[in-house]
Number of protein chains: 2
Amino acid sequence: MKQAASTPTTDEALQTLRDAGLRLTQPRRQIVAALVAADGPLSPRELHQQLGSAACDPVTVYRCLTDFERLGLVHRHEFGDGSTRYQLVEADGSHLHYVICRHCQRKDPIHACPADLEATVRARGYAGVSHTLEFFGVCPDCQQGPDPEPQ
Amino acid sequence: MKQAASTPTTDEALQTLRDAGLRLTQPRRQIVAALVAADGPLSPRELHQQLGSAACDPVTVYRCLTDFERLGLVHRHEFGDGSTRYQLVEADGSHLHYVICRHCQRKDPIHACPADLEATVRARGYAGVSHTLEFFGVCPDCQQGPDPEPQ
DNA sequence: ATGACTGCAAACTGTTTGCATTAGG
DNA sequence: CCTAATGCAAACAGTTTGCAGTCAT
């Protein structure tokens, strides 16, 4: 038996690409590795910075992330701050959601997922259902201090 | 007693603005009226087009919608198509969520809301909690015909 | 070999910002 | 009046697109 929700290894993720008929190019390998190593959602820009500009072109990061999402390899987050973030889905297909502090922009993972609501959607006849969910609020710290960290 | 979930009237919405200390300017009145009349989420661009370019500057639409969201007057949607959409919240504070067809981009309202999950967030000490939730899938029509409406 | 993929450059779109002017209370 | 709010112009950021060269298979 394996553990409930573990991040896929780089090899497992690469296998997903191979199975989908995608070529295992150098940029893709590096992007996958960075996603596996990441501890939270990354924007295309952040991802590219971590790889170093020598690794590949920023455009390639966009293209790869789009493909990876289509394969269900990564989950897309819309934090409402102008850029999309991506995070590897767990081995069991689960993913996290976050609360974003309206004041300090801090992202706090929440272990709650409306996976059950997807059943409602499937009942409508939709296939390949996924979802994005983000919470927004003012974190405890920012409620306390009159001005802990505006930005 | 009043009905469960009805769209606020223009006057009710304007009162909200007044209560918040915002001035009832001409552009704001028109934007509120357009939101009340709307039957679904509108992007700033769509909203501005409905008003007619004579009504006000597009920038004003952005500023107003941002303010309105802060007041909890409108709900923000992130359909992942590059632009944010706004919709008036119901009189009882409820709102709708949507399924977006990955193929034809159709938006289908879903009467399911993870309002209960917000309790989890509040339990963490967050205040003024709100959320965005969108579902994505392939609608029945697009599953049928091999190519009903690619775009 | 050959088609998928990348890199580069440039276009685009949605959104934000600064500042002078206008108008709401 | 006096300040919030608007309009205008311009900057910005993230993302997309076209095309020629390159690399995985």
Side-chain angles (χ1 to χ4, degrees), chain A residues 14-34 41-71 73-74 76-86 102 105 132 150-151, chain B residues 14-34 41-71 73-74 76-86 102 105 132 150-151:
Chain A
L14 290 178
Q15 187 57 43
T16 301
L17 297 189
R18 179 181 294 278
D19 292 345
L22 296 191
R23 293 183 178 175
L24 271 51
T25 65
Q26 206 51 42
R28 279 179 183 159
R29 290 173 188 277
Q30 293 188 254
I31 292 172
V32 163
L42 293 175
S43 66
R45 166 196 288 259
E46 290 168 337
L47 195 38
H48 181 252
Q49 289 179 335
Q50 288 200 8
L51 296 179
S53 51
C56 72
D57 194 88
V59 178
T60 298
V61 177
Y62 281 101
R63 291 196 263 229
C64 286
L65 289 174
T66 302
D67 292 342
F68 293 180
E69 190 202 356
R70 179 165 37 79
L71 299 183
L73 194 63
V74 297
R76 181 165 47 89
H77 291 275
E78 298 286 355
F79 289 167
D81 62 346
S83 81
T84 305
R85 319 258 170 144
Y86 297 84
R102 290 210 185 82
Q105 311 306 327
T132 64
Q151 157 48 318
Chain B
L14 291 178
Q15 187 58 43
T16 301
L17 297 189
R18 178 182 293 279
D19 292 345
L22 296 190
R23 292 182 181 176
L24 272 49
T25 66
Q26 206 52 41
R28 279 179 183 160
R29 290 173 187 276
Q30 294 187 253
I31 291 172
V32 164
L42 293 175
S43 67
R45 166 196 289 261
E46 290 168 337
L47 195 38
H48 182 253
Q49 289 179 334
Q50 287 201 8
L51 296 179
S53 50
C56 71
D57 194 89
V59 178
T60 299
V61 177
Y62 281 101
R63 291 196 265 229
C64 286
L65 288 174
T66 301
D67 292 341
F68 293 0
E69 190 201 356
R70 179 165 36 80
L71 299 182
L73 194 63
V74 297
R76 181 165 47 90
H77 292 275
E78 299 285 356
F79 288 167
D81 62 346
S83 81
T84 306
R85 318 258 170 144
Y86 297 84
R102 289 209 185 84
Q105 312 305 326
T132 63
Q151 157 49 321

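Chain letters run A, B, ... following the sequence lines, proteins first, then strands; residues in each count from 1. Basis for what follows: all heavy atoms, side chains included, without hydrogens, waters or symmetry-related copies.
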Within the structure provided, determine whether [X] and [Y] are in side-chain contact (heavy-atom separation under 4.5 Å).
X: L47(A); Y: Y86(A); value: no
X: L17(B); Y: L73(B); value: yes
X: D67(A); Y: R70(A); value: yes
X: T84(A); Y: L65(A); value: no

What is the distance from [atom1] of [X] to [atom2] of [N], rounded to the nearest Å?
X: R28(B); N: dA5(D); atom1: CZ; atom2: C1'; value: 6 Å
X: L51(B); N: dG7(D); atom1: CG; atom2: C1'; value: 15 Å
X: R45(A); N: dT16(D); atom1: CZ; atom2: P; value: 15 Å
X: L71(B); N: dA4(D); atom1: CG; atom2: P; value: 16 Å
X: D67(A); N: dT15(D); atom1: CG; atom2: C1'; value: 15 Å

### Message
Going by side-chain contact (heavy atoms from CB on, under 4.5 Å), L42(B) matches just one of Q50(B), Q49(B), H77(B). Which one?
### Response
Q50(B)

### Task
Give one of base, sugar-phosphate or nothing for P44(B), where a contact means two heavy atoms less than 4.0 Å apart.
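The answer is sugar-phosphate, as P44(B) gets under 4.0 Å only of primed atoms, P, OP1 or OP2.
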
### Query
What does T84(A) touch in the nucleic acid at a heavy-atom separation under 4.0 angstrom: a base, only the sugar-phosphate, or nothing?
sugar-phosphate

### Query
Between which nucleotides of DNA chain C, read 5' to 3', does contact with chain A run, using atoms under 4.0 Å from its heavy atoms?
dG3(C) to dA9(C)

### Task
Any chance you could list the contact pattern along nucleotides 18-25 of chain D? Use B for base contacts, S for sugar-phosphate-only contacts and - for none, protein heavy atoms under 4.0 Å, 5' to 3'.
B-----BS

Tell me whether [X] contacts the main-chain N or O of [Y] through its side chain, where contact means a donor paired with an acceptor under 3.5 Å.
X: R18(A); Y: L24(A); answer: no
X: H48(B); Y: C56(B); answer: yes
X: R76(B); Y: T132(B); answer: no

#### Entry: Option passing salt bridge (charged side-chain N to carboxylate O under 4.0 Å, His left out) with R85(B) (candidates E46(B), E78(B), E69(B))
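When E46(B), E78(B), E69(B) are each tested with R85(B), the salt bridge (charged side-chain N to carboxylate O under 4.0 Å, His left out) holds only for E46(B).
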
### Message
If you assign Y62(B) and A55(A) each to the DNA chain C nucleotide with the nearest heavy atom, which residue ends up on the more 5' nucleotide?
### Response
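It is A55(A) whose nearest nucleotide is closer to the 5' end.
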
